[in-house]
There are 2 protein chains.
Amino acid sequence: MRPQDQQTTVSAGQPDLAEVASKLRALSGQLTRRLRAASEGDGITMSQAAVLSRLVRKGPATTVELARAERVRPQSMGATLAALEEAGLVQRSPHPSDRRQMIMSLTEQGRRKIEEGRRIKESWIVQALRDRLDDRERAVVIEAIELLGRLTEED
Amino acid sequence: MRPQDQQTTVSAGQPDLAEVASKLRALSGQLTRRLRAASEGDGITMSQAAVLSRLVRKGPATTVELARAERVRPQSMGATLAALEEAGLVQRSPHPSDRRQMIMSLTEQGRRKIEEGRRIKESWIVQALRDRLDDRERAVVIEAIELLGRLTEED
DNA sequence: TATTGTTATACTCTATAACTATA
DNA sequence: TATAGTTATAGAGTATAACAATA
C-alpha cells in the first residue's frame with residue numbers, strides 16, 4: 001500500500017514473480033552457455049549427459065520414457081540416443097513383451113563416462129561454488145536447485 | 001573419514017560440489033526447454049528477450065559489448081541483433097566518434113514488447129513459484145537466482 | 001485406434017574462419 | 001597491428017509432419 005510498491009523488486013511480502021521469472025530466464029541462458037562451454041572437452045553434449053545421468057539414477061528406459069522425462073519430443077530423444085549409441089555409451093535391447101519398444105541402458109563405457117564427469121572438480125562452476133560463496137550461500141543455492149528441480153519435474 | 005563418505009551426496013559440512021554442478025546442469029536444460037516452450041507465443045526467442053531486457057536495464061550498447069555481456073561471440077550477437085532489427089524492436093545508429101561501431105538501442109516497439117512480457121503473469125513458472133512454494137522457499141529461490149547470476153556475470 | 005519409434009525437413013543458437021573497414 | 005562488424009559455413013538441439021510396425 002505504500003507508494004513505492006510500483007518498484008519492480010518489492011523488498012518483502014510479495015516479490016514480483018514475473019520479474020523473478022524473467023531473471024530466471026536470463027540466468028538459464030547464461031548457465032546453459034557457460035556449462036556447455038565448460039563441458040566441451042567431455043566429448044559428450046549437455047543433452048547426452050542428461051540422458052546418461054538419468055540412466056544412472058533411474059535405470060534402463062525406453063525412448064518415450066526418456067523423452068517425457070527430459071521434456072523433449074520422442075524424435076529429438078531418438079537423435080540423442082542414436083548419438084549415444086554410436087559413441088558406444090548406451091545400448092538398445094528389445095522389450096520382452098512389446099516388440100515396438102526398445103530398452104536403452106548404459107554400457108560399461110557409458111558408466112565410466114559418468115564417473116569421469118564426476119571427477120571434474122575444476123570446472124568453472126565448481127570453483128565458483130567453492131570459492132565465491134560462503135557456507136550459507138552455498139546451502140541456499142543447493143536448496144534452490146532442489147526446489148526448482150521439483151517444479152520442472154512435476155506437471 | 002567415515003566409511004560412507006563414498007556417497008555422492010554428503011549430508012552436511014561439505015556437499016559434493018561436482019554433484020551440485022551436475023544437478024545444476026540438468027536443471028539448466030530443463031528450465032531452458034520449459035521456458036522456451038512457455039514463451040513461444042511471444043514472437044521473440046529467448047536470446048532476443050535477453051538482449052531486449054539488457055537494453056532496458058543498461059541502455060544502448062554496441063554489438064561487442066552485448067556479446068561480452070551475454071557471453072556469446074560477436075557473430076552470434078550480430079545474428080540476434082539482425083533479427084531484432086528486422087522485427088523493428090531495436091535500431092542501430094552510428095557511433096559519434098568511431099565509425100566502426102554501431103550503437104544498438106530499443107525502439108518504442110521494443111520497449112512495448114518488454115512491457116508485454118512483464119504482464120504475462122500466467123506462465124507456468126510464475127504459477128509454480130506462486131502456488132507450489134511457500135514464502136521461505138520462494139525467498140531461497142530468489143536469493144539463489146541472485147547468487148548464481150553473480151557467479152555467471154563475473155570473470 | 002492408439003502407441004512406439006523412424007525418417008525427412010526446417011529453424012534457432014552458437015561456433016570457427018575469413019573478410020572489410022576503421023582506428 | 002588491433003578492433004568492430006559482416007558473411008559463409010557447420011553442428012547441436014529442437015520442432016512438426018508423415019510414416020511403419022505393433023498393440
Side-chain angles (χ1 to χ4, degrees), chain A residues 25-26 28-52 60-87 89-90 92-104, chain B residues 25-26 28-52 60-87 90-104:
Chain A
R25 174 156 77 163
S28 175
Q30 295 268 348
L31 272 178
T32 299
R33 284 190 292 269
R34 297 217 46 174
L35 290 168
R36 181 171 49 218
S39 63
E40 237 168 17
D42 285 10
I44 57 171
T45 64
M46 282 184 50
S47 306
Q48 292 168 16
V51 171
L52 289 186
T62 67
T63 300
V64 166
E65 285 166 354
L66 289 168
R68 265 199 284 266
E70 297 293 327
R71 296 191 174 274
V72 297
R73 301 289 133 169
Q75 300 96 313
S76 306
M77 183 52 67
T80 299
L81 290 172
L84 284 170
E85 195 183 15
E86 167 125 28
L89 303 176
V90 304
R92 62 183 70 211
S93 27
H95 188 283
S97 64
D98 185 340
R99 275 185 301 167
R100 290 171 309 178
Q101 297 185 44
M102 303 301 301
I103 310 278
M104 312 302 306
Chain B
R25 174 156 78 162
S28 175
Q30 294 267 349
L31 272 178
T32 299
R33 285 190 292 271
R34 297 216 48 173
L35 289 167
R36 181 171 48 217
S39 62
E40 237 168 16
D42 286 9
I44 57 171
T45 64
M46 281 184 49
S47 307
Q48 292 168 17
V51 171
L52 289 186
T62 68
T63 301
V64 166
E65 284 167 352
L66 290 169
R68 265 199 284 264
E70 296 293 328
R71 295 192 174 273
V72 297
R73 301 288 133 170
Q75 300 95 313
S76 306
M77 183 52 67
T80 300
L81 289 171
L84 283 170
E85 194 182 16
E86 167 125 29
V90 304
Q91 61 199 349
R92 64 182 70 210
S93 28
H95 189 283
S97 64
D98 185 340
R99 276 184 302 165
R100 292 172 306 179
Q101 297 185 42
M102 304 300 303
I103 310 279
M104 312 302 306

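First the proteins, then the strands, lettered A, B, ... as listed; each starts at 1. Fair warning: this is a prediction, and the values are worked out from it, not measured in the lab.
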[X] side chain, from C-beta outward: closest of [options]:
X: B:Arg99; options: C:dT22, C:dT7, C:dA17; answer: C:dT22
X: B:Arg100; options: C:dA23, C:dT14, D:dA15; answer: C:dA23
X: A:Gln75; options: C:dA17, C:dT14, D:dA18; answer: D:dA18
X: B:Asp98; options: C:dA15, C:dT22, D:dT7; answer: C:dT22
X: B:Ser76; options: D:dT14, D:dT6, C:dA15; answer: C:dA15
X: B:Val72; options: D:dA15, C:dA15, C:dT4; answer: C:dA15

**Item:** B:Thr32-A:Thr32 side chain donor-acceptor pair, cut-off 3.5 Å
**Value:**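 Short answer, yes.
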Tell me whether the side-chain N/O atoms of [X] come closer than 4.0 Å to OP1 or OP2 in [N].
X: A:Thr45; N: D:dG13; value: yes
X: B:Ser47; N: C:dC13; value: yes
X: A:Arg36; N: D:dA12; value: no
X: A:Arg33; N: C:dC13; value: no
X: B:Arg92; N: D:dT6; value: yes

**Request:** Please name the pair of heavy atoms, one in B:Leu35 and one in A:Ser28, separated by the smallest distance, quoted to 0.1 Å.
**Result:**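 So the two residues come closest at CD1-CB, 4.1 Å.
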**Asked** Does A:Arg33 use its side chain to pair, donor to acceptor, with the backbone of B:Glu70 at less than 3.5 Å?
**Response**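 Side chain of A:Arg33 to backbone of B:Glu70: a pair is present.
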**Prompt:** So what does A:Thr63 touch, heavy atoms closer than 4.0 Å: a base, only the sugar-phosphate, or nothing?
**Reply:**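 Here A:Thr63 touches the backbone only, sparing every base.
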**Asked** A:Thr32 near the nucleic acid: base, sugar-phosphate alone, or nothing, with a heavy-atom cut-off under 4.0 Å?
**Response**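 No contact.
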